[in-house]
Engineer: 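After the structure tokens below, expect a handful of questions from me.
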Amino acid sequence: MKEQEYFENICCEVEKTNERAYIPMSPDIVQTSSFYYENYEDFMAASDDEKNHYVYTRGTNPTTENLEQKLARLEGGEKCKVFASGMGAIAATFFTLLKQGNHVLMANTIYGEAVALVRYMEKFGVTVDRVDVSETAELKSFITPATKMIYFESPSSQKFELLDLAEITALAKENNIYTVIDGTWAGPLLQKPLAYDIDLVILSLSKYIGGHSDIVGGAVIGSNQLVDDIFEHGHQSLGAVSSPFNSWLAIRGLRTLPVRMSHLSNAITTLLDELVKDPRIAKIYHPHCGSDQQKQLAKKYLSGYGSLFAIDLVDLDFEKLKIFVNHLNIMSIGVSWGGFESLVLPAYKGNNEQQLKDRGLPISHIRMYLGLEDPQSILEDIKQALDIAYGPLS
Ligand SMILES: *Cc1c(COP(=O)(O)O)cnc(C)c1O
């Protein structure tokens, strides 16, 4: 084959319509960086309005847009933008909505990297308070004239405490403040924050939505106006772009999300109802085991339970803690969660006692994620490791 012919017919051939029509069961993965334009005028019009035209995958891509439309519908929002990670979505949101002189109020325990990011933004003149409250109304006393955003999780990372979404919205609207919730714990099926007029929902797709510990992704969902703004600045300029293949894997995850969440919601109560009886466990952090006030909030805002929780062991001996964690056979040691496999993540790393004390946590605080295994076998796994480390129950 002549070189010219090779380039024209094989190498640079632009995607042409297949002669045989097909409708795939599974959506297309449009794995392309750039999009072809047949004439100059169309290209000019498209590049002037990238959010509504496919020009370059750093902006929009059909596979990612397919996922965005599904997530927007699931959350009941006007629009969604998907990112390369949950932190990508969080960073883009802070970058877009905050400016010099703004104050961010962070309520209760929050994903550590999100707190670290706003604290880092102090060099740009953004201030932050992270405060612990048990009643949502207590937040009022921390609002200042500079407060621009209330950022929270419900249930929260680490302690899995709920806040009253409707009360937060009311408080924020009175003071002209954005409300942003990280809704990763419950995901889009079990809680609908936008129904309570929260401005933006952020999700890490790396957890339940991906569902198989094989992707990192994030999303922000809200009004056309806010999400367009975040697209224009936080997405386009910071560049945390989801690859079409990762977006496709998230779409695949959505197909089984209802079945997985309904299984996990039941399985977690089965597991916790047994663990709560074990005298070697001092405390369980999960809405199912919370105070009456927490149970009321769970009833009001959650239509089911996520399966990420934490425990404090009674015994504070570090050596025994190591024996316990190392003798779990089914549960694996590892970060993240939301996939098939059950995971354990001790909070104590041998040098962060003070950090835990600041949050009111003992060194025996351990995060656990119940995966899709039979909860009975996870219960037995935890029990046998407790027996080895702390002695069997008499
Ligand atoms: C994992 C997680 C994040 C960060 O998401 P990545 O996809 O890992 O960047 C944010 N918030 C919560 C609650 C998370 O669990």
Side-chain angles (χ1 to χ4, degrees), residues 64 67-68 71 75 80-95 104 106-120 130 149-163 165 180-191 193 198 200-221 230 234-235 238-243 245-247 249-250 253-254 257 261 264 268 285-287 301-302 305-310 334-339 341-345 347 359 366-371:
T64 300
L67 172 63
E68 285 161 353
L71 290 173
E75 288 287 359
C80 166
K81 190 64 209 156
V82 157
F83 292 81
S85 67
M87 275 313 299
I90 293 168
T93 302
F94 290 164
F95 179 75
V104 181
M106 293 184 134
N108 290 351
T109 44
I110 281 175
Y111 188 74
E113 204 61 51
V115 183
L117 176 61
V118 217
R119 293 228 162 106
Y120 191 66
R130 200 205 58 74
M149 179 191 292
I150 298 177
Y151 184 93
F152 67 108
E153 301 175 7
S154 183
S156 60
S157 287
Q158 204 150 43
K159 288 187 171 174
F160 308 103
E161 290 167 335
L162 291 127
L163 287 164
L165 306 192
V180 182
I181 185 173
D182 176 338
T184 303
W185 187 90
L189 295 181
L190 306 184
Q191 181 168 251
I198 297 292
L200 290 168
V201 180
I202 287 175
L203 297 171
S204 167
L205 309 180
S206 322
K207 314 296 166 53
Y208 284 135
I209 292 174
H212 297 77
S213 310
D214 52 10
I215 60 162
V216 175
V220 54
I221 301 114
I230 291 168
H235 187 269
L238 296 181
V241 178
S242 178
S243 78
F245 185 53
N246 278 357
S247 297
L249 283 169
L254 284 178
L257 188 65
M261 294 318 291
L264 289 171
I268 190 66
Y285 301 82
H286 187 278
Y301 291 109
L302 300 175
Y305 286 134
S307 61
L308 186 70
F309 65 104
V335 299
S336 199
W337 51 278
E341 55 289 309
S342 291
L343 295 170
V344 58
L345 188 67
R359 293 183 205 165
I366 306 173
R367 189 179 86 177
M368 292 184 158
Y369 166 68
L370 173 65

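Values below: every heavy atom of this structure, side chains too, minus hydrogens, waters and symmetry copies. As the structure lists them, so they are numbered: ligands from 1, and atoms in each ligand from 1. Keep in mind the model is a prediction, meaning the values are calculated, not measured.
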Engineer: Out of curiosity, is Gly338 lining ligand 1, as in a heavy atom under 4.0 Å away?
Structural biologist: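 No; Gly338 lies far enough from ligand 1 that no heavy-atom distance drops under 4.0 Å.
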
Engineer: Is the Tyr305 ring parallel, tilted or perpendicular to the His286 ring (thresholds 30°, 60°)?
Structural biologist: perpendicular

Engineer: CZ of Arg367 to CG of Leu308: how many Å apart, nearest 0.5 Å?
Structural biologist: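 The CZ atom of Arg367 sits 5.0 Å away from the CG atom of Leu308.
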
Engineer: When only distance counts, is Ser204 in polar contact with ligand 1, meaning an N/O pair under 3.5 Å?
Structural biologist: yes

Engineer: With respect to Glu153, determine whether any N or O atom, backbone or side chain, lies less than 3.5 Å from an N or O atom of ligand 1.
Structural biologist: no

Engineer: Considering only the protein, which heavy-atom contact is closest to atom 7 (O) of ligand 1, and what is its distance?
Structural biologist: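 Of every protein heavy atom, Ser206 OG, 2.6 Å lies nearest to atom 7 (O) of ligand 1.
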
Engineer: Under 4.0 Å, heavy atoms only, figure out whether ligand 1 is touched by the backbone of Trp337, its side chain, both or neither.
Structural biologist: side chain

Engineer: Please identify each residue that fulfils salt bridge (charged side-chain N to carboxylate O under 4.0 Å, His left out) with Arg130, with sequence neighbours left out.
Structural biologist: Asp132

Engineer: Which of the numbered atoms in ligand 1 are below 4.0 angstrom from a heavy atom of Lys207?
Structural biologist: 1 (C), 2 (C), 3 (C), 14 (C), 15 (O)

Engineer: Would you call Val180 and Ile90 a side-chain contact if the rule is heavy atoms closer than 4.5 Å?
Structural biologist: no

Engineer: Which ligand 1 atoms are under 4.0 Å away from a heavy-atom of Gly217?
Structural biologist: 7 (O)

Engineer: Report yes or no: do Ser247 and Ser242 form a side-chain donor-acceptor pair below 3.5 Å?
Structural biologist: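 Checked: Ser247/Ser242 side chains pair up, N/O donor to acceptor below 3.5 Å.
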
Engineer: Any heavy atom of Ser157 closer to ligand 1 than 4.0 angstrom?
Structural biologist: yes

Engineer: Can you tell me how far apart CG (Leu67) and CG (Leu249) are? Round to the nearest 0.5 Å.
Structural biologist: 10.5 Å

Engineer: Provide, to 0.1 Å, the distance between atom 11 (N) of ligand 1 and the closest protein heavy atom, together with that atom's residue and name.
Structural biologist: Asp182 OD2, 2.5 Å

Engineer: Report yes if some N/O of Gly86 lies less than 3.5 Å from some N/O of ligand 1; otherwise report no.
Structural biologist: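 Indeed, backbone or side chain, Gly86 has an N or O that close.
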
Engineer: Parallel, tilted or perpendicular: which describes the rings of His235 and Phe83, with under 30° parallel and over 60° perpendicular?
Structural biologist: perpendicular

Engineer: Rounded to the nearest 0.5 Å, how far does CG of Leu163 lie from CD1 of Ile150?
Structural biologist: 10.0 Å

Engineer: Can you sort out which atoms of ligand 1 are near Met87, meaning under 4.0 Å from one of its heavy atoms?
Structural biologist: 5 (O), 6 (P), 9 (O)

Engineer: Regarding ligand 1, does Leu205 bring an N or O atom to under 3.5 Å of one of the ligand's N or O atoms?
Structural biologist: no

